[in-house]
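Heads up, the thing below is written out as C-alpha cells.
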Amino acid sequence: MTEQEQEDPKVREQSLEVIKHKLSLLPDKPGCYIMKNREGTIIYVGKAKVLKNRVRSYFTGSHSAKTQKLVSEIRDFEYIITSSNMEALILECNLIKQHHPRYNVLLKDDKTFPYIKITNEAQPRLEVTRRIYKDKGKYFGPYPNAFAAQQTKKLLDRLYPLRKCKTMPEKVCLYYHIGQCLAPCEFDITAETNERMVQEISRFLNGGHDVIKEELTTKMLAAAEELNFERAKELRDHILNIEAVMEKQKINSVDALDRDVFGYAVDKGWMAVHIQYMRQGKLIERHVSLFPYYGDEYSDFMTYVTQVYSENPALPKEIFLPTMPVQGGEASAAGEAISAAEEATPVAEEAAEAVPTKEAAQAEAEEKDVREALESWLKVKVHIPRRGLKKQMVDMAKDNARNALDEKFRLVERDEKRTTKAVENLGEWLGLGTIRRIEAFDNSNIQGTNPVSAMVVFVDGRPDRKEYRKYKVKTVVGPDDYETMREVIRRRYERVLKDNLTMPDLIVVDGGKGQISAAVDVLENELGLFIPICGLVKDAKHKTAQLMIGDPAEIVPLPRDSQEFYLLQRIQDEVHRFAITFHRETRAKSMVVSQLDAIPGIGEKRRKALLKHFGSVRKIKEAEVQDFKPLGIGEKLAGEIIKALQGEAAIPQE
C-alpha cells in the first residue's frame, strides 16, 4: 500500500491507458515480453507461443496473490518477436541472466557438482572441476561428491599416463618414474598416442568400464601365464580399483544412458524442483532447489530448466520432464464463473467436465512445443513420459520435490514447545500474562474496489482455521483503512457480545498507530470492551518490522530474531494470505457479474440462464450466434453479447 499511495493516481491512470492501447497491438507470434515497474525497472521476463494471448492474460481475470502482486507493479511492457519457440526459450534465459528480474525464477544457489575434464590442449590432461566452460574440453559427470571424482581421476591417472603438470616442467618429474606420465616435457608424444588415450578415457567415463575391466582381466591372466606375477598383481589392483570406484547407488535403470530426470511441486506460492542425475544408468546424485514463483507454474519451471543448461556443455544423453498440469487458468475461470452465479446444475457440471479434455489436448500440444524447442537448442533427446519405467522415474523426482516442500513447511511449525514458549514470552513482553487466544485482522482492497477484511484466530500459537472469518466491507467508500478497521472491529465484537463467544486475550491489527487507535476507540467507547490491541508495522519490503501496543501506541523492543517475533510474522502472513485470497475470489465473482450485467438486455435472470447453459463467460465468448437460440435470445442480442465480451478487457486498477 505504501508504494501505491506514493504514486500519483493520474500518472498511474495514464500508464494503464498506455498498457491498454499496447495490448490491442500485440501480435499473434512467439516471443518474449518484458514487464516494467513505474521506475522503468524490469521486474519480470516471460516467453510465449502467442504473445497476444499470454500478455493479455495478466490483465484479465483473477490471479493468485503472488501474481496479483506482480501485476499491481506493472506500468509498462515491451516485447520481442522471435521466429520460433526455441529462440524465445533462449532469449528469455539470456534476458533473465542479464537483468535478474525481481519476480523471475533465478538459479541463485551456488550448489555445483564436480566434473572430470579432459582439457583441449596439444598435450591434454585430466582435472576435476566445478566450473564448466565452452572451451572445447570434454566434461564428464556430475559426480556425487569431490571424493568420488578424485578417486575416479586417480584410477584413470594410473591407467592412462596423460600429462599431469599444469605448466610444462623443464625435466621429467616423479609421475614419469612411476609410470603415470609419458613426459611430453622431454619426449615427443604424438597426437595419435594422446588421441588414443583420450578415446579410452572417454569410453571409460561414458560407461565402458566393464569392457576395460574385461580387457585388463585378459591381460592379467596372460601375465600370470608368462609368470610375470608383478605385472599380474598390478593389473589385478587396477581391476579392484575399478570395481571399488565405479560402485554406485543401487537405483538403476534398464539401460546405461546418462540422463537428468526432473520433477517439481508447488504449494503456498513456493516451488521445489528435484533433479536426479543418472549416469551410466545409475542414480549418482540428487539436487533440490526451493524458491518462490510468481507466474504460471509450468512456465516458471521450464525457465528454471533452461537456466540449468545455459552455457553447460556437460549435457546428458536424455532429459526427462514431467507432464504439464491440465487444470490451467481457463479451467479456473470456468469454475469461478459457475461459482459466481451460484449454479451447480447438471448442465454446468457437464460443461465443467468437458474442460479438462480440451485442456489436456492443449497441454499436450504445449508439451510438444517445449520438447521440440529444448531438443533444437540443446541437441539432446527430451522425453515427457506418460507410462512405464520412465514415468516412474519422473514420479520419483516429483515425490521428492513434494517431500522437500512438505519438509520446508513442517520445519516452520515443527517445534510445538518453541511455539508454546513463544506465546508465553509474548505475554510477558506485552505485560499481559498468559495469552491463549489471538485474533488478527487485515484489510484488502485495490483502489477501493471490492473492499474486504479477514480475521484469523491463533490458539496457543497454532492457527484455528474453523474460527476464521471473512467480512465484506459495507459502509466504507474508497480506500479508507481506518474506517474499514472500525467497521470490521465493530461487527466482530458486537457478534461476540451478542452470541456470548470466546473473547480473545489479544487483538492484532495490520498497521501502526492509526489502526490501533481506530480499533481501541470502537472497543472501548462504543462497546465497553477493554481487550489489549497491538499493531504489526511492515517495512518498505512489506515484511513485519515492528510491534506496537497501547494508545498512544509505543514500540515494543522485541528482538527480530526471537521466536516471539517469528510467531507474529506467521500470524501476519496468515491473515494477509486469507484476506487477499478472499479479495481475489470476491473480485473474480464481481468481474463475471459485471461483464454480463453491463450488456443492455441482460438482467439477473438471463445472466443465470447464460451461465447455466454455457458453463462460463469464456464459453459464452466463444459461442456462435445460433448457439443462443435454445435460450430464446435472438440474433441481434446474441451478436451484441458476443461483441461485448470479445471487446477489449478492462485493465485492473491496482
Side-chain angles (χ1 to χ4, degrees), residues 64-66 105-113 141-145 148 248-254 258-279 281-309 316 318-328 363 367 370 382-419 461-463 465 566 569-570 573-574 577 581:
S64 67
K66 282 182 172 286
V105 169
L106 298 174
L107 194 61
K108 291 179 180 177
D109 53 7
D110 56 0
K111 169 71 172 175
T112 56
F113 300 115
Y143 283 82
N145 49 61
K248 294 184 175 69
Q249 297 188 31
K250 299 299 182 183
I251 302 176
N252 299 329
S253 62
V254 293
D258 290 357
R259 56 170 62 95
D260 294 347
V261 183
F262 286 82
Y264 78 94
V266 295
D267 192 15
K268 299 184 179 73
W270 280 77
M271 178 180 291
V273 177
H274 182 93
I275 312 173
Q276 295 177 172
Y277 294 95
M278 308 285 294
R279 294 299 178 265
K282 298 180 181 180
L283 177 62
I284 67 164
E285 185 59 273
R286 297 179 294 176
H287 180 53
V288 179
S289 296
L290 293 98
F291 43 82
Y293 76 101
Y294 295 86
D296 172 76
E297 65 176 70
Y298 199 80
S299 179
D300 280 6
F301 163 68
M302 288 308 306
T303 297
Y304 179 88
V305 173
T306 56
Q307 290 182 61
V308 167
Y309 293 116
E318 293 182 338
I319 298 171
F320 286 2
L321 300 176
T323 56
M324 180 180 292
V326 295
Q327 290 187 348
E367 285 174 4
V370 166
V382 178
H383 297 279
I384 305 179
R386 299 183 180 276
R387 62 183 66 84
L389 178 61
K390 293 179 179 179
K391 183 178 184 300
Q392 290 176 21
M393 294 164 65
V394 173
D395 287 344
M396 184 170 72
K398 290 166 65 177
D399 290 342
N400 278 277
R402 167 59 57 190
N403 185 66
L405 267 189
D406 291 343
E407 185 176 276
K408 170 185 169 60
F409 296 126
R410 280 199 306 270
L411 288 173
V412 172
E413 302 179 8
R414 63 175 178 172
D415 198 335
E416 190 169 351
K417 290 183 179 179
R418 283 188 182 181
T419 302
R462 301 281 176 183
R465 290 183 173 82
Y566 179 62
Q569 279 184 317
R570 282 180 52 209
D573 290 346
E574 176 67 359
R577 178 200 65 79
T581 301

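The structure presented is a predicted model; accordingly, all values stated were derived computationally and were not measured.
The distance from the NZ atom of Lys408 to the CG atom of Leu405 is 8.5 Å, given to the nearest 0.5 Å. Separation of atoms CG (Asp267) and CD (Glu297) is listed at 11.0 Å; rounding is to 0.5 Å. Atom CZ of Arg462 is separated from atom CZ of Arg570 by 6.0 Å, given to the nearest 0.5 angstrom. If you take CZ on Phe320 and CZ on Arg259, they are separated by 4.0 Å, rounding to the nearest 0.5 Å. Atom NE2 of residue His383 and atom CD of residue Glu318 lie 3.5 Å apart, to the nearest 0.5 angstrom.
Here the side chain of Arg402 pairs no donor or acceptor atom with the backbone of Ala397 at under 3.5 angstrom. No donor-acceptor pair under 3.5 Å is formed between the side chain of Asp300 and the backbone N or O of Val105.
By the side-chain contact (heavy atoms from CB on, under 4.5 Å) test, Asp296 pairs with Arg54, Tyr298, Ser299, sequence neighbours left out. Every residue two or more places apart in sequence or in another chain was checked for a side-chain hydrogen bond (donor to acceptor under 3.5 Å, both in side chains) with Gln276, and none qualifies. Applying the side-chain contact (heavy atoms from CB on, under 4.5 Å) test to Asn403 and every residue at least two apart in sequence or in another chain returns Arg410. Asp399 pairs by the side-chain hydrogen bond (donor to acceptor under 3.5 Å, both in side chains) definition with nothing, not counting sequence neighbours. In this structure, Gln569 has no side-chain hydrogen bond (donor to acceptor under 3.5 Å, both in side chains) partners at least two apart in sequence or on a different chain. Applying the side-chain hydrogen bond (donor to acceptor under 3.5 Å, both in side chains) criterion to Lys268, with sequence neighbours excluded, gives no partner residue.
Residues Met396 and Arg286 have side chains not in contact (no heavy-atom distance under 4.5 Å, counting atoms from C-beta outward). Put simply, the side chain of Met302 reaches to within 4.5 Å of the side chain of Leu321, judged on heavy atoms.
Here the closest non-hydrogen pair linking Pro322 and Val394 is CA-CG1, 3.7 Å. For Thr323 against Pro385, the heavy-atom pair with the smallest separation is CG2-O, 4.1 Å. Shown here for Gly263 and Ala401, the closest heavy-atom pair between the two residues is O-CB, 3.9 Å.
The aromatic rings of Phe301 and Tyr264 sit parallel to each other, their planes meeting at less than 30°, with 60° as the upper class boundary.
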Next on the checklist: Working note: Tyr304 + Tyr293, criterion ring-ring contact (aromatic ring centres under 6.0 Å, His included); need CA distance, chi angles, decisive distance, verdict.
Outcome noted: CA-CA 11 Å; Tyr304 179 88; Tyr293 76 101; over 10 Å; no
